[in-house]
Amino acid sequence: MTEQELLRRESLQKLRELGIDPYPAEMFEVTAHAADIVQNYREEVLEDGTKNRLNYTSVALAGRIMATREAGKAMFMNLQDSSGRIQLYMRREEINGGDENSPMFDTVVKKLLDLGDYVGVKGFAFRTKTGEVSVHVQEFKFLSKSLRPLPVVKKDNEGHIYDAFTDPELRYRMRYVDLTVNPEFREIFIKRTKMIKTIRAFLDELGLLEVETPILQPIHGGAAARPFKTHHNALDMPIYMRIANELYLKRLIVAGFDGVYELSKMFRNEGMDRTHNPEFSMLEFYVAYKDYYWLMDVTEQMFERIARALNSDGSTKVTVGEHEIEFAGPYKRLTMFDAIQQFTGLNVETADEAELRNYCRQHHIEIDATMGKAKLIDEIFGEKVEGNLIQPTFLIDYPVEMSPLTKKHRSKPGLVERFELFVNGKEVGNAYSELNDPIDQRERFEDQLRLAARGDEEAMAMDEDFLRALEYGMPPTAGIGFGIDRLAMLFTNQTSIQEVLFFPQMRPEV
RNA sequence: GAUCCCGUAGCUCAGUCGGUAGAGCACUUGACUUUUAAUCAAGGAGUCAUGGGUUCGAGUCCCAUCGGGAUCACCA
């Protein structure tokens with residue numbers, strides 16, 4: 001234990017010896033919050049120059065002591081609660097209750113109270129002569145003693161921060177410390193929750209049913225990624241944590257629900273970086289009798305609503321890095337082929353595989369022998385186009401080979417009715433007119449098996465039960481998936497997924 | 001998985017050419033009855049990530065390991 005930790009344990013012992021419980025069981029009734037008092041305190045100056053306090057004349061608030069400033073027989077502290085910070089003012093004679101021999105001020109407050117301790121205080125609001133709204137404390141009580149020193153972050157009048165607690169490793173491992181000493185980061189998580197609540201409200205109003213589908217799956221279908229594998233003891237069988245829930249949600253459309261959505265975590269056993277965490281949140285929704293054009297309209301409405309909900313002024317614009325993104329629809333709709341033509345001058349529709357390979361070699365795009373034409377087009381798109389799509393853009397009509405679960409295009413041979421939504425140069429959503437022809441679906445799975453045989457590790461596995469469901473009949477359906485963490489990054493202007501997850505995955509400490 | 005950078009007091013960081021450790025905040029003791037990055041005086045605090053190696057001598061140079069970050073690959 002460090003010197004400071006030992007001292008805090010001694011303080012704890014001394015408090016107990018003085019008959020003060022550092023961890024009392026009974027509740028402390030809070031009647032006011034720091035930010036409310038600071039914002040709403042009112043006083044009037046009478047004709048004789050004295051001040052008359054108009055509100056918060058008796059308050060009880062609770063929180064952590066974040067700073068102390070001793071001034072002889074008086075003392076100032078900063079109390080931080082969930083709403084913000086407020087200054088406390090204490091006077092020796094009042095804290096001692098008029099008893100000259102009381103240890104309360106000189107020992108308990110000045111010596112045994114440490115930064116980070118939770119206290120409850122009762123008193124009245126006032127304005128100090130330097131103008132700061134404060135609470136004049138008449139009673140105080142320990143609510144919980146802190147046995148480890150928090151990092152001390154200081155801020156001056158101009159808002160400059162000193163000794164900022166910035167080490168990402170410490171911040172992510174000890175998010176409780178991070179959010180205590182860097183309370184401004186709480187706003188990111190509050191916005192994230194607001195975003196999710198807005199999405200739920202929007203989908204509920206559309207009449208969709210929120211559902212839960214299996215996280216533990218015998219076949220990891222619906223996407224192309226390496227799964228986490230575990231073992232069920234009683235059944236003595238391998239089981240996978242889901243990489244997607246798409247095939248289960250479609251089974252529910254087969255079951256007769258008009259629209260379903262699931263907002264939950266997926267698990268992919270892949271590399272980690274600033275846009276990937278092994279567990280991440282997805283929104284998927286599926287609506288019967290609709291197509292991908294309908295989904296584009298709905299997506300525009302949903303994003304506009306999220307932007308309005310997260311901006312205090314109700315604006316539809318969001319600043320992301322260098323750019324200001326306009327979320328009010330309609331968004332630009334661009335076919336994949338047109339997009340590539342526009343940004344590279346390359347006509348991928350008429351080009352054959354050899355020409356595409358040649359283009360990739362010339363432009364230093366990494367390819368390998370297993371890649372077919374569709375995959376090459378995807379690589380060119382990723383390298384040359386994706387990063388340019390800053391304002392929300394629907395990229396539509398993909399080659400059939402890249403989309404094994406998507407309905408063939410109603411009028412364009414070789415393409416499917418699929419779109420991806422790009423914002424700020426990154427994909428945030430992926431949608432289809434869902435393939436509901438069971439015979440076509442079986443052939444697509446078989447194509448996937450052939451790709452797997454050619455060495456494509458991302459190819460999808462056959463799911464016989466899903467095919468059986470389609471054979472019973474699935475109505476025409478539109479479906480879409482969004483990466484919730486990516487959306488949270490976008491709407492909170494963060495470049496790392498770890499900043500929008502409370503507890504990002506970390507290697508164990510030694 | 002690959003490459004590069006980083007790891008020194010509770011926190012943020014210095015540490016020169018290889019000569020056994022420094023600052024600010026925090027902490028301790030004292031002063032101060034409206035301070036606010038409070039101030040003033042004095043003081044304590046370190047297995048320099050871990051393990052090896054080179055050297056008379058390693059925070060510093062070399063190797064390995066652990067942890068973090070960035071870039072890449074894979075993916076959303």
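Residue numbers start from 1 in every chain, and the chains themselves are labelled A, B, ... in the order their sequence lines are given, proteins ahead of strands. Computed from heavy atoms alone, side chains included, the values below leave out hydrogens, waters and symmetry copies.
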Whether [Y] and [X] form a salt bridge (side-chain N of Lys/Arg under 4.0 Å from carboxylate O of Asp/Glu) is what I want to check.
X      : Y      : answer
A:K111 : A:D106 : no
A:R175 : A:D178 : yes
A:R333 : A:E300 : yes

What residues, two or more places apart in sequence or in another chain, satisfy side-chain contact (heavy atoms from CB on, under 4.5 Å) together with [X]?
X      : answer
A:T393 : A:K332, A:L334, A:L389
A:P103 : A:L18, A:T107
A:E386 : A:F381, A:F422

Distance between the [atom1] atoms of [N] and [M], in whole angstroms?
N     : M     : atom1 : answer
B:A42 : B:C4  : P     : 49 Å
B:U12 : B:C74 : C1'   : 36 Å
B:A37 : B:G30 : C1'   : 22 Å
B:G43 : B:G59 : C1'   : 26 Å
B:G24 : B:A58 : P     : 29 Å
B:C56 : B:U50 : P     : 25 Å
B:A14 : B:G46 : C1'   : 15 Å
B:U60 : B:U16 : P     : 11 Å

- Task: Decide yes or no on salt bridge (Lys or Arg N to Asp or Glu O under 4.0 Å) for A:E184 and A:R186, but give the supporting numbers first.
- Result: CA-CA 5 Å; A:E184 63 277 9; A:R186 293 180 195 174; over 6 Å; no

Please list all pairs meeting salt bridge (Lys or Arg N to Asp or Glu O under 4.0 Å) that have one or both residues in [range], counting only residues at least two apart or in different chains.
range                       : result
residues 238-250 of chain A : A:R242-A:E262, A:E246-A:K250, A:K250-A:E434
residues 270-282 of chain A : A:K265-A:E279
residues 112-130 of chain A : A:E43-A:R127, A:D114-A:K145, A:D117-A:K145
residues 2-15 of chain A    : A:E5-A:R148

- Message: For RNA chain B, which residues of residues 173-186 of chain A approach it to below 4.0 angstrom with any heavy atom?
- Response: A:R173

- Query: What parts of residues 419-435 of chain A reach RNA chain B, counting only heavy atoms under 4.0 Å away?
  - Reply: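 Result for residues 419-435 of chain A: A:E427, sorted by number.
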
- Message: Using heavy-atom distances to pick each residue's nearest nucleotide on RNA chain B, tell me which of A:A74 and A:T166 is more 5'.
- Response: A:T166

- Quick one: on RNA chain B, does A:F165 or A:Y172 contact a more 5' nucleotide (nearest heavy atom)?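 Checking each residue's closest nucleotide, the 5'-ward one belongs to A:F165.
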
- Query: Where does B:U20 fall, syn or anti, if syn means a chi angle no more than 90° from 0?
  - Reply: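 Here B:U20 takes the syn form, which means its glycosidic angle is within 90° of 0.
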
OP1 or OP2 of [N] sitting under 4.0 Å from any side-chain N/O of [X]?
X      : N     : result
A:R486 : B:A76 : no
A:R274 : B:U71 : yes
A:R91  : B:U33 : no

Among [options], the nucleotide that comes nearest once only the side chain of [X] is considered:
X      : options             : value
A:K73  : B:G68, B:U33, B:C11 : B:U33
A:E270 : B:U34, B:A37, B:C74 : B:C74
A:K129 : B:C32, B:U35, B:U33 : B:U35
A:T2   : B:G10, B:G68, B:C74 : B:G10

To the nearest Å, how far apart are [X] [atom1] and [N] [atom2]?
X      : N     : atom1 : atom2 : result
A:F105 : B:C32 : CZ    : C1'   : 11 Å
A:I243 : B:A76 : CD1   : P     : 9 Å
A:I365 : B:C74 : CD1   : P     : 12 Å
A:D167 : B:A70 : CG    : P     : 12 Å
A:M66  : B:A38 : CE    : P     : 12 Å
A:F228 : B:C74 : CZ    : C1'   : 14 Å
A:E169 : B:U8  : CD    : P     : 10 Å

- Dot-bracket notation for RNA chain B is requested: 5' to 3', Watson-Crick or G-U wobble pairs only, both distances under 3.5 Å, with ( ), [ ], | and . as defined. (((((((..((((.....[..)))).(((((.......))))).....(((((..]....))))))))))))....

- Query: Is the backbone N or O of A:I65 less than 3.5 Å from a side-chain atom of A:N78, with the two atoms forming a donor-acceptor pair by type?
  - Reply: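 No.
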
- Item | By ring pair (Phe, Tyr, Trp, His ring centres under 6.0 Å) - contacts of A:F491 (at least two apart) |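 For A:F491 the ring pair (Phe, Tyr, Trp, His ring centres under 6.0 Å) partners, ignoring immediate neighbours, are A:F327.
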
- Just say parallel, tilted or perpendicular for the rings of A:F189 and A:F502, cut-offs at 30° and 60°. parallel

- 5' to 3', nucleotides 23-30 of chain B under a 4.0 Å protein heavy-atom cut-off (B base, S sugar-phosphate only, - none) gives -BSBSSSS

- Message: Side chains of A:Y292 and A:E417: any donor to acceptor distance under 3.5 Å?
- Response: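 On atom types as modelled, these side chains do not qualify, holding no pair under 3.5 Å.
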
- Query: Do A:Y162 and the base of B:A37 stack face to face, with centres under 5.5 Å apart and an angle between planes under 30°?
  - Reply: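 It does: the two rings, one from A:Y162 and one from B:A37, meet the stacking criterion.
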
- Item | More than 12 heavy atoms from other groups under 6.0 Å of NZ on A:K110 |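 Atom NZ in A:K110 is crowded, with more than 12 foreign heavy atoms closer than 6.0 Å.
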
